[in-house]
Amino acid sequence: MSKTLVIVGAGPGLGMGVARAFGREGFQVGLIARTKEKLDTLVGELAELDINAAAFPADIRDRDALVAALAAARDTFGPIDVLEYSPSPTGPITHAADTTVEAVTAQLELHVLGAVAAVRHVLPDMRMRGDGTVLLTTGVSSTVPAPFLANVGLAMAALRNWAHTLHTELRPHGIHVGAVTIASGVVPGGGEADPDAIGARYHHMYQQRDQAEEVIGDLEAFRTLVAQYSVDGALPSLNA
């Protein structure tokens, strides 16, 4: 029987790289994001690769809608074997001293509370089966404090922390939870930054089932950029 991957925050870059990597290994793929037309395009692209996929539109910040989309994916494909959570940062990104409650709340709603809602929905099935994988995607600011990514970094760091605690707590129950930290852009044809190369790293992490975290990209290079920013104030252009 085919296994099922559901991607929350699916898009044409990272999300499709992950979808193709798992789909080529026989997974059915559910795609969740806000815009139905864009999801339908992605489903069509996967169909051309003989990957069985379906779209389940939902605004991730609307937790009732997100849970309903996950329930619809389960009704369509059966139990969710792998949940991958990777919405792109949206909304204003603030510098540290300019961060407001509203700016932090917007990022927490997207990256943390959406992840909590999604994981809580799939976890009972996984506990009952004693099997399942949850991969929570963060950006480089989850690990390297960056003054120019302050509100995103707050949310990303919280998500990364929670992923590690879930990994420790759920591993004895047969459930693998891992954080994937993207410390680079996602660039077609960009070597390890290519969406398909990144997707293969996700699938390898799923197969290994023992890693608490996978880092894609160069954390030290980003630390150097942050240090340079502290000297001259020049803003780098990197994944959050």
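All values below come from the heavy atoms of this structure, side chains included, with hydrogens, waters and symmetry mates left out.
Within the 4.5 Å cutoff, no side-chain heavy atoms of Val180 are placed close to those of Arg201. Contact annotation: the side chain of Phe77 approaches that of Asn52 to within less than 4.5 Å [non-hydrogen atoms, C-beta and beyond]. Between Ile7 and Ile32 there is no side-chain heavy-atom pair separated by less than 4.5 Å.
Between Leu66 atom CG and Phe56 atom CZ the span is 12.5 Å, to the nearest 0.5 Å. If you take CG on Asp218 and OG on Ser184, they are separated by 9.5 Å, rounding to the nearest 0.5 Å. To the nearest 0.5 Å, atoms CG (Leu136) and OG (Ser86) are separated by 9.5 Å. Note that the CG atom of Leu166 and the CD1 atom of Ile175 stand 9.5 Å from one another [nearest 0.5 Å]. How far CD of Gln28 is from OG of Ser2: 4.5 Å, rounded to the nearest 0.5 Å. Distance CZ/Phe222 to OG1/Thr143: 10.0 Å, rounded to 0.5 Å.
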For a quick test of your reading: what N or O donor-acceptor pairs under 3.5 Å do the side chains of residues 36-50 make, sequence neighbours left out?
from  : atom 1 : to    : atom 2 : distance (Å)
Lys36 : NZ     : Asp40 : OD2    : 2.7
Thr41 : OG1    : Glu37 : O      : 3.2

If you look only at distance, which donor and acceptor atoms sit under 3.5 Å apart when one is on a side chain in residues 106-120 and the other is two or more places apart or in another chain?
from   : atom 1 : to     : atom 2 : distance (Å)
Gln107 : OE1    : His111 : NE2    : 3.3
Gln107 : NE2    : Thr90  : O      : 2.7
Glu109 : OE1    : Arg63  : NH1    : 2.6

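The hydrophobic clustering, which links ILVMFWY residues whose side-chain heavy atoms are closer than 4.5 Å, places Leu149 and Val104 apart. Hydrophobic clustering (ILVMFWY, side-chain heavy atoms < 4.5 Å, transitive): Leu159 and Val215 are in distinct clusters. Val18 and Val134 are assigned to two separate hydrophobic clusters, defined by single-linkage of ILVMFWY side chains at heavy-atom distances under 4.5 Å.
Nearest heavy-atom pair across Asp210 and His167 is O-CE1, 3.5 Å. Summarising the geometry of Ile198 relative to Ala193, their closest heavy-atom pair is CD1-O, 3.6 Å, with the distance given to 0.1 Å.
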Evaluate side chain to side chain contact (heavy atoms under 4.5 Å, CB included) for Met128 paired with Leu123, printing each intermediate quantity in order. CA-CA 8 Å; Met128 186 171 62; Leu123 201 52; over 6 Å; no
Going through the distances and angles, do Lys3 and Val82 end up as a side chain to side chain contact (heavy atoms under 4.5 Å, CB included)? CA-CA 8 Å; Lys3 291 190 173 184; Val82 181; over 6 Å; no
Would Val29 and Arg20 count as a side chain to side chain contact (heavy atoms under 4.5 Å, CB included) here? Give the steps. CA-CA 9 Å; Val29 179; Arg20 287 190 292 267; over 6 Å; no
Determine whether Val8 and Leu83 satisfy the following criterion, side chain to side chain contact (heavy atoms under 4.5 Å, CB included), listing intermediate values before the conclusion. CA-CA 8 Å; Val8 179; Leu83 174 72; 3.8 Å; yes
From CA spacing to verdict: ring-ring contact (aromatic ring centres under 6.0 Å, His included), Tyr206, Phe27: CA-CA 12 Å; Tyr206 156 75; Phe27 274 76; 5.5 Å; yes
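Electrostatic pairing of Arg209 and Asp131 counts as a salt bridge here, judged by a charged N lying under 4.0 Å from a carboxylate O. Salt bridge status for Asp125 with Arg74: present, with a side-chain N to carboxylate O gap under 4.0 Å.
For Glu169, the CD atom is loosely surrounded, since the number of other residues' heavy atoms within 6.0 Å does not exceed 12.
His176 places no side-chain N or O within 3.5 Å of a backbone atom of Thr133 that could act as its donor or acceptor partner. At distances below 3.5 Å, at least one donor-acceptor pair connects side-chain atoms of Asp81 with backbone N or O atoms of Thr4.
Listed by chain and residue number, nothing satisfies the side-chain hydrogen bond (donor to acceptor under 3.5 Å, both in side chains) test with Gln207 (two or more places apart in sequence, or in another chain). Residues satisfying the side-chain hydrogen bond (donor to acceptor under 3.5 Å, both in side chains) criterion with Thr181, sequence neighbours excluded, are Thr138, Glu213. For Thr94, the side-chain hydrogen bond (donor to acceptor under 3.5 Å, both in side chains) test picks out Thr99, Asn151, with sequence neighbours left out. Applying the side-chain contact (heavy atoms from CB on, under 4.5 Å) criterion to Asp98, with sequence neighbours excluded, gives His95.
Side-chain atoms of Glu214 and Gln211 form a donor-acceptor pair, as typed in the model, at a separation below 3.5 Å.
Residues Tyr202 and Phe22 keep their aromatic ring centres 6.0 Å or farther apart.
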